[in-house]
Amino acid sequence: MVLGFARIAGISGAMAAMQGLGLVAEAGVYTGPPKPPGSAGRGKKVVVLGAGIAGLVSAWELRKAGFDVTVLEARHRPGGRVWTVRGGDVMTHDHLPAQRVGFDAGHFFNAGAARIPACHHGVHDYCREFGVPLEVQVNVNADARYVSANVRNGLPLEDRQVRHDVRGGVSELLAKAINKGALDEELTALDRERLLDFLTQYGALGEGYAYTGSDRLGYEVEPTVHGAPFSIRKPIPLTELIQDPNWAFQLTFGDQLYQQTAMLHPVGGMDAIPYAFAGRLKSEIKYGVQVTHMKRTETGVRVLYSQKDGLAGTVDADYAVCALPFSVLKSVKCDFSAPVQAAVNNMVFDASCKVAWQAPRFWETEDRIYGGISNVDSRCNMAWYPSYGFDMKEGVLVGCYNFTGQAEPFAAQSLKAQFEESRASVDRIHPGKGRLLARPVAVNWAHVPHSMGAWATESPDTDHNTPEIRAVLEGDGPIAFAGQHLSPLGAWMEAAIRSAHHAIAGIYARASTA
């Protein structure tokens with residue numbers, strides 16, 4: 001019934017029918033996965049392509065609903081782009097030599113997903129369900145640094161100084177404009193008085209609404225005991241701070257909805273989440289199998305796969321959830337409808353690179369930086385400090401995290417060149433400390449087998465609300481689709497979860513009306 005209605009009325013009509021059956025939650029407050037309709041899964045089989053978060057969620061919920069589930073995963077681990085690497089692991093790319101990770105025991109690097117916003121309810125619900133412990137991930141730190149060749153000749157500046165000098169400078173300009181009557185038409189006399197009082201406190205303004213700095217900036221000479229001299233830092237003029245056009249974005253980074261505190265991550269690494277699913281789906285997941293074909297049959301769907309040992313296999317099922325990124329799916333031979341195949345072929349996945357190092361925690365012992373991110377005007381962008389093991393002897397520092405436009409030329413270099421560029425970038429933030437960085441590893445996501453990209457492009461001018469994408473979300477016969485690339489949430493595990501819930505609802509609808 002629902003499938004026929006979808007062909008006539010399109011995606012909006014299909015979703016309305018599914019909502020009427022109670023299979024799809026309406027937009028609004030997150031209420032969890034869709035509820036299965038009675039015994040719809042009894043006697044029915046589903047094949048899930050990919051054991052990333054979307055595939056794992058789909059498999060878990062469908063198995064709970066009574067479906068016979070098989071998951072096909074090309075890697076020998078679950079998680080997809082939720083990938084934590086540790087000492088002894090081997091990292092492979094399609095364009096570089098393999099890297100054996102040399103970290104000591106207890107250290108790890110989240111090569112992919114690395115943080116969880118408090119407002120991502122789906123992730124938190126599954127962590128509660130499986131007992132995955134979380135801890136705070138420091139995303140913004142006032143002790144972290146800003147480095148730009150355009151400001152103070154590249155002198156590393158504390159976040160607190162840049163942030164509060166910008167606030168003070170803008171507040172002073174606004175207060176002076178108010179005093180000169182520039183806003184008389186917009187504000188009443190009482191509102192002007194109230195706004196000036198607000199700006200005085202907000203921007204730490206002094207006599208005549210001038211900004212001359214405050215102890216928010218930190219100290220040139222720190223206070224010790226009564227009678228000992230101390231002095232606060234001198235402010236940096238606003239006209240100097242605005243010379244780097246990237247600082248506006250970086251200063252407001254932690255204000256973005258999905259970057260606001262509290263941010264969290266699983267204790268011991270992000271892969272605790274996919275392994276929690278996989279530990280409960282032991283008999284359902286086949287690892288080391290690469291899907292080569294997917295075809296619709298008279299009774300459902302047939303999937304063909306190959307293995308490294310040369311053996312091949314076939315899975316016949318009533319339904320399929322395709323949770324492969326389209327960057328990979330486009331190489332699988334399928335008989336999709338024309339709109340779905342067009343969506344698969346046309347979706348762009350962004351490049352991104354990270355470089356991580358094990359090192360003595362000089363950022364803590366000498367600069368008092370405990371977690372967070374320092375920003376630098378290099379192609380490596382940042383130093384991202386670990387939010388675990390504080391005050392231990394060593395830790396893993398991410399010395400590069402770059403994106404489309406930077407990542408492609410960066411990845412075209414040798415590993416040695418990538419490491420040296422990252423080392424030089426960290427050395428600009430922490431002068432003289434680059435020499436302490438050791439045991440590097442790099443991930444170039446556009447070249448990671450079975451991913452071939454970091455995430456579906458998040459460019460603001462990308463229109464994902466196209467007939468082709470709507471056809472994908474509607475499903476193609478017995479095939480439903482899931483993955484981060486099908487959610488406007490972007491490059492987050494929550495996007496994969498919400499997309500999986502949508503795909504599950506589609507399977508429920510098909511099964512309940514078969």
Side-chain angles (χ1 to χ4, degrees), residues 44-56 58-59 62 67-81 83 90 92-95 98 274 278 281 283-349 445-454 456 468 471-472 475-486 496 499-500 503 506-507:
K44 296 183 174 64
K45 184 170 183 176
V46 180
V47 58
V48 177
L49 278 58
I53 295 297
L56 292 168
S58 299
L62 289 167
F67 290 86
D68 179 3
V69 176
T70 298
V71 183
L72 303 179
E73 169 54 49
R75 299 174 174 89
H76 290 276
R77 62 169 180 85
R81 287 166 287 175
W83 185 19
V90 175
T92 59
H93 294 79
D94 66 3
H95 72 313
L281 294 165
S283 61
E284 284 82 6
I285 303 178
K286 294 181 180 293
Y287 293 105
V289 298
Q290 186 166 343
V291 173
T292 58
H293 298 74
M294 181 165 58
K295 305 290 183 183
R296 286 173 288 189
T297 66
E298 291 185 2
T299 58
V301 63
R302 172 170 291 177
V303 176
L304 280 64
Y305 62 84
S306 63
Q307 297 173 272
K308 287 185 177 181
D309 57 11
L311 298 177
T314 301
V315 177
D316 289 305
D318 299 286
Y319 312 105
V321 176
C322 181
L324 300 177
F326 285 1
S327 53
V328 173
L329 183 60
K330 65 180 59 178
S331 65
V332 178
K333 295 181 179 180
C334 304
D335 61 350
F336 294 143
S337 67
V340 170
Q341 189 63 57
V344 173
N345 291 340
N346 295 335
M347 185 170 285
V348 176
F349 279 69
W445 276 105
H447 297 279
V448 174
H450 316 304
S451 290
M452 307 310 292
E468 292 78 15
V472 170
D476 200 351
I479 304 166
F481 297 86
Q484 165 270 320
H485 48 287
L486 297 177
S499 174
I507 298 296

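Positions are given from 1 along the sequence. Just so it is clear, the values below take in all heavy atoms, side chains as well, and ignore hydrogens, waters and symmetry mates.
In terms of heavy atoms, Phe349 sits closest to His485 at CZ-CB, 3.8 Å. The heavy-atom pair separating Ala482 from Ser499 by the smallest distance is CA-OG, 3.2 Å. Nearest heavy atom pair, residue Ala320 against residue Ile507, reads O-CD1, 3.9 Å. Pairing each heavy atom of Asp335 with each of Arg296, the nearest pair is O-NH2, 2.6 Å. When all heavy atoms of Ala54 and Ala500 are compared, the closest pair comes out as O-CB, 3.5 Å. Residue Met347 comes nearest to Lys330 through the heavy atom pair O-NZ, 4.0 Å, listed as atom of the first residue, atom of the second, then distance.
Between the Asp476 side chain and the Ser337 main chain, a donor and an acceptor come within less than 3.5 Å of each other. Proximity of a side-chain donor or acceptor of Asp318 to a complementary backbone N or O of Gly300 within less than 3.5 Å is not detected. Side-chain N or O atoms of Thr292 include none that pairs as donor or acceptor with a backbone N or O of Lys333 at under 3.5 Å. Side chain of Arg81 to main chain of Ser451: no donor-acceptor pair is present (N/O by atom type, distance under 3.5 Å, no hydrogens or angles). Glu73 contributes a side-chain N or O that, together with a main-chain N or O of Ala51, makes up a donor-acceptor pair within less than 3.5 Å. The main-chain N or O of Ala456 is found under 3.5 Å from a side-chain atom of Gln484 such that the two form a donor-acceptor pair.
Counting only heavy atoms from C-beta outward, the side chains of Asp94 and Met452 approach each other to under 4.5 Å. For the pair Glu468/Asn346, no side-chain contact is recorded, criterion being any heavy-atom separation below 4.5 Å from C-beta on. By the 4.5 Å heavy-atom criterion applied to side chains, Cys334 and Leu329 are counted as neighbours. Two residues are said to be in side-chain contact when any heavy atoms from C-beta on lie closer than 4.5 Å; Lys286 and Tyr305 meet this criterion. With contacts defined as side-chain heavy-atom distances shorter than 4.5 Å, the pair Leu62/Val321 qualifies.
Distance NE2/His450 to CZ/Arg75: 6.5 Å, rounded to 0.5 Å. Distance CG/Asp316 to NZ/Lys45: 7.5 Å, rounded to 0.5 Å. In this structure, CD on Gln341 lies 9.5 Å from CZ on Phe326, to the nearest 0.5 angstrom.
Relative ring orientation between Phe481 and Phe336 is described as perpendicular, the plane-to-plane angle rising above 60° on a 0-90° scale split at 30° and 60°.
Applying the 6.0 Å contact sphere to CZ of Arg77 captures more than 12 heavy atoms from other residues, nucleotides or ligands.
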